[in-house]
Amino acid sequence: MKKVISYDTETTGFALHGESKMFSFSTCDPGGNTKICRLDKCKVSKIKNTKYLKKIFETSRFIPVMHNAKFDLTATEKYLQKHIAEDIVFHDTSIQSHLLMNDHPSHRLKELAYELAGIKRDDETLVKAFVKDGSDYSKVPVDRMDAYQKLDAERTILLHLFFYPKIKEDKKVNEIYKEELELVKTTMRMEERGIMLHRNRCKKLIDDLTTKRENALEKIEHLSGRRINPDKTSHIEWLLFEKFEMPILKRTKKTSSPSTDKEALNLLRETNPHPILEEITKFKSFSRGRTILKSYLGLVDENDVIHPDINTNGASTGRESCKNPNLQNVEKTGVLLNRYPVPARQAFRPRPGYVNFHIDYSGIEMRLLVHYCQEPLLVKILNKGGDVHRPGAEILFGDEFKNASKKKQKTLRGAAKNANFAIAYGASALKVGKTLGLDANVALRRFDLYYRTFPKLSFLGRALASEAKQQGYIKTIFGRCLRVPENKNYVATNYLIQGTAAEILKRAQNRVHKYLQQATSGEVGILLPIHDEIIIEYPRKRLKDVDHVLKEIKALMVAFEMFLVPLDVEIEIATYDWEHKKRYTL
DNA sequence: AAACACGGCGCG
DNA sequence: AAAGCGCGCCGTGTTT
């Protein structure tokens, strides 16, 4: 019989793929018996405690329970210098918490234990007093650290004893939980692989942006006749609304002060064209791009590889997130409304000897919307492989669309596509009409026709909002319960679609990872998930069998039988960097 | 010095 | 009556 024990590691920092190392761990059994095991202080205890560590992870006699297992397992693997995650059964109380209370303000160990059992949180401040840069706990006096570790081990087992029965209660939730634990392992291998920075390109981009940023600043100061810091909204405010006496067309949400954001500048550009508007926009874009690119240089390992921290439960919708750095929002070029983009994706490249494939679900949000609302016309279009956004464009733009050139039609279709989502996610007809550039009366007439043509799609938002209002949550097709913020019931649709897409991608990652592990011995591997996309790396040596492997991956990614509409993926190949991708047809 | 709020901006 | 959503990161400005 396996023995459940909580397991918590202490490290010299968070950069486990860099300098940081584990120096201690603690355990606690369900009876409340704790052990504190230092691996740094004296040689005898180090040998003894390492033996105990190996007993936990190498004998199959224990089921370690962790709060954020990805971190503890990564630290432990580094210490033992071998992979262990695939060979053990484990639990994660952080994931349990996310699954049971997606809307909870905090899933931190200390917060949860305080709320559940009133365990005081002041041990953190007692220890933090000895921590200089905020993450190296090895310098804290041992007796104080002992007390701290004891408490964390107790908290973790407590949380498990409280949460896990609730997870097991619901068969579907338990299935999701198992998928989440599998994803922890999948994600560990991605972070370990990491992503290669094109370091010289990155530096070149930074140099280039430094000059362009300086130029923009010079022009701004010349035009305004005084020193300006465009990073201060107060300066921009003075410049636009006092010095140049432009009208205030937009205000900020929380404090209702005059907005100086890109949309406000674009609005002013229409009514009060002025070179200062361009230069401010340039400065902001180049400045941001520059600092972000600079931050990448500080995050590379000795091989120019970046190991990001991927949070498998980063969002209240079940989505993942990524930090240090966030590789899910790297700027790309060719985006409408961004006139001065920074080609930041040039800074990422396949490792030497590899190519990258970017595989993304095509139109997954729309497909899921159609599945959930069951709009007959749209279900039919998707099953025939047709264009679901065309009818919307025809309705919203009327003759303007019918008489437009092919190129113009494409633009209008893109606008209609955004409108489809905006409407489904709760935007008002008036607001959507405005962004489409329609006269208010025309907009109302067109939307009337839109509602009559797609009654079920149009009604989905209201139906889900009322469901959320009534029971406080909505459920995805996989059985994940998503509580929806009170007094914002209209976000229910977004939660449902975003949450379902997240679950699809999570399952896809596990399937693909397992397949690649078995079929290519891990030579091919996933690097990163980006909400509806995975990026994989592929050795050039193996390119002979690439079409076969990609076909298998595609089959795994679209194999979800529960939907009324088919799923599909598109593939792009990057051979040099992430900016220059080419469509790849199987 | 650290923590927090805000405006702003990139992605899906 | 009116409402797109979810993240992480940056710089500024205020509070502790």
Side-chain angles (χ1 to χ4, degrees), chain A residues 102-103 125 128-129 131-134 229-237 250-265 280-281 283-296 299 308-311 313-333 335 337-338 340-345 358 360-361 363-366 369 418-432 435 461-462 464-465 482 484-485 487-499 501-502 505 528-534 578:
Chain A
N102 71 294
D103 64 336
T125 44
K128 276 251 168 87
V131 181
K132 268 182 233 108
D133 80 329
N229 181 355
D231 282 329
K232 295 191 203 284
T233 48
S234 58
H235 282 198
I236 304 295
E237 228 180 286
K250 191 189 168 193
R251 288 182 172 276
T252 61
K253 206 169 181 183
K254 294 213 168 149
T255 61
S256 283
S257 37
S259 173
T260 59
D261 72 5
K262 206 159 73 172
E263 195 196 327
L265 293 175
I280 293 171
T281 313
F283 179 92
K284 287 185 170 190
S285 175
F286 300 152
S287 208
R288 178 184 181 277
R290 179 173 168 267
T291 38
I292 287 178
L293 284 165
K294 277 168 95 174
S295 78
Y296 295 154
L299 290 166
D309 185 356
I310 299 165
N311 184 350
N313 278 277
S316 52
T317 56
R319 261 196 186 180
E320 302 185 75
S321 68
C322 178
K323 64 179 194 206
N324 298 321
N326 182 1
L327 294 176
Q328 294 179 324
N329 75 340
V330 181
E331 190 164 354
K332 57 180 188 183
T333 55
V335 174
L337 274 164
N338 192 353
Y340 308 104
V342 173
R345 292 190 180 205
H358 297 234
D360 74 299
Y361 283 102
I364 193 163
E365 272 185 294
M366 192 60 189
L369 273 171
N418 284 336
N420 281 334
F421 293 129
I423 292 169
Y425 292 154
S428 69
L430 217 63
K431 176 154 188 174
V432 179
T435 49
R462 299 165 76 84
L464 289 169
L482 294 174
V484 174
N487 65 29
K488 271 179 81 178
N489 293 313
Y490 64 91
V491 305
T493 317
N494 187 263
Y495 271 50
L496 180 65
I497 302 304
Q498 208 181 95
L505 196 76
L528 184 74
I530 319 184
H531 309 309
D532 67 347
E533 168 186 357
I534 56 174
W578 286 8

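Quantities reported herein were computed from a predicted structural model and do not represent experimental measurements.
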Chain A on DNA chain C: first and last contacting nucleotide, 5' to 3', under 4.0 Å to a heavy atom?
C/dA3 to C/dG13
Pairs under 3.5 Å (N/O, protein and nucleotides 3-6 of chain B):
from  : atom 1 : to       : atom 2 : distance (Å)
B/dC6 : OP2    : A/Lys254 : NZ     : 3.2

Under 4.0 Å, counting only non-hydrogen atoms across every strand here, what does [X] touch: a base, just sugar-phosphate, or nothing?
| X | value |
| --- | --- |
| A/Tyr495 | sugar-phosphate |
| A/Glu331 | sugar-phosphate |
| A/Arg462 | nothing |
| A/Val342 | nothing |
| A/Val330 | sugar-phosphate |
| A/Thr493 | nothing |
| A/Ser259 | sugar-phosphate |
| A/Asn338 | sugar-phosphate |

For DNA chain B, which residues in residues 315-325 of chain A have a heavy atom at a distance below 4.0 Å?
A/Arg319
Would you sketch DNA chain C in dot-bracket for me? Only Watson-Crick or G-U wobble pairs with both distances under 3.5 Å count, crossing pairs as [ ], other-strand pairs as |, the rest as dots.
....||||||||||||
Under the side-chain contact (heavy atoms from CB on, under 4.5 Å) test, which residues partner [X], sequence neighbours left out?
| X | answer |
| --- | --- |
| A/Ala465 | A/Asn489 |
| A/Ala492 | A/Leu464, A/Ala468, A/Ile474, A/Val484 |
| A/Asn420 | A/Met366, A/His389, A/Tyr450 |

Those residues at least two apart in sequence (or on a different chain) that pass salt bridge (Lys or Arg N to Asp or Glu O under 4.0 Å) with A/Lys250 are A/Asp261, A/Glu263
Please enumerate all residues that pass salt bridge (Lys or Arg N to Asp or Glu O under 4.0 Å) together with A/Asp103, with sequence neighbours excluded.
A/Arg483
Report the residues that fulfil side-chain hydrogen bond (donor to acceptor under 3.5 Å, both in side chains) with A/Tyr425, sequence neighbours left out, ordered by chain and then residue number.
A/Glu365
side-chain hydrogen bond (donor to acceptor under 3.5 Å, both in side chains) partners of A/Asn494, counting only residues at least two apart:
A/Gln498
Under 3.5 Å: donor-acceptor pair, side chain of A/Glu331, backbone of A/Ala344
no
Quick one: is B/dG8 close enough that its OP1 or OP2 comes under 4.0 Å of any side-chain N or O from A/Lys253?
no
Does B/dG7 have OP1 or OP2 under 4.0 Å away from a side-chain N or O of A/Lys232?
no
Quick one: A/Asp532 CG to B/dG12 P, roughly how many Å, whole number?
8 Å
Let me have the donor-acceptor pairs involving side chains of residues 285-292 of chain A, under 3.5 Å, with sequence neighbours excluded, atom names and distances please.
from     : atom 1 : to       : atom 2 : distance (Å)
A/Ser285 : OG     : A/Tyr340 : O      : 2.5
A/Ser287 : OG     : A/Arg213 : NE     : 2.9
A/Arg290 : NE     : A/Thr210 : OG1    : 2.9
A/Thr291 : OG1    : A/Ser287 : O      : 3.1
A/Thr291 : OG1    : A/Arg288 : O      : 2.9

Between A/Cys322 and A/Leu528, the two heavy atoms sitting closest are SG-CD1, 4.2 Å
Closest heavy-atom pair and its distance - A/Pro529, A/Ile310
CD-CD1, 4.1 Å
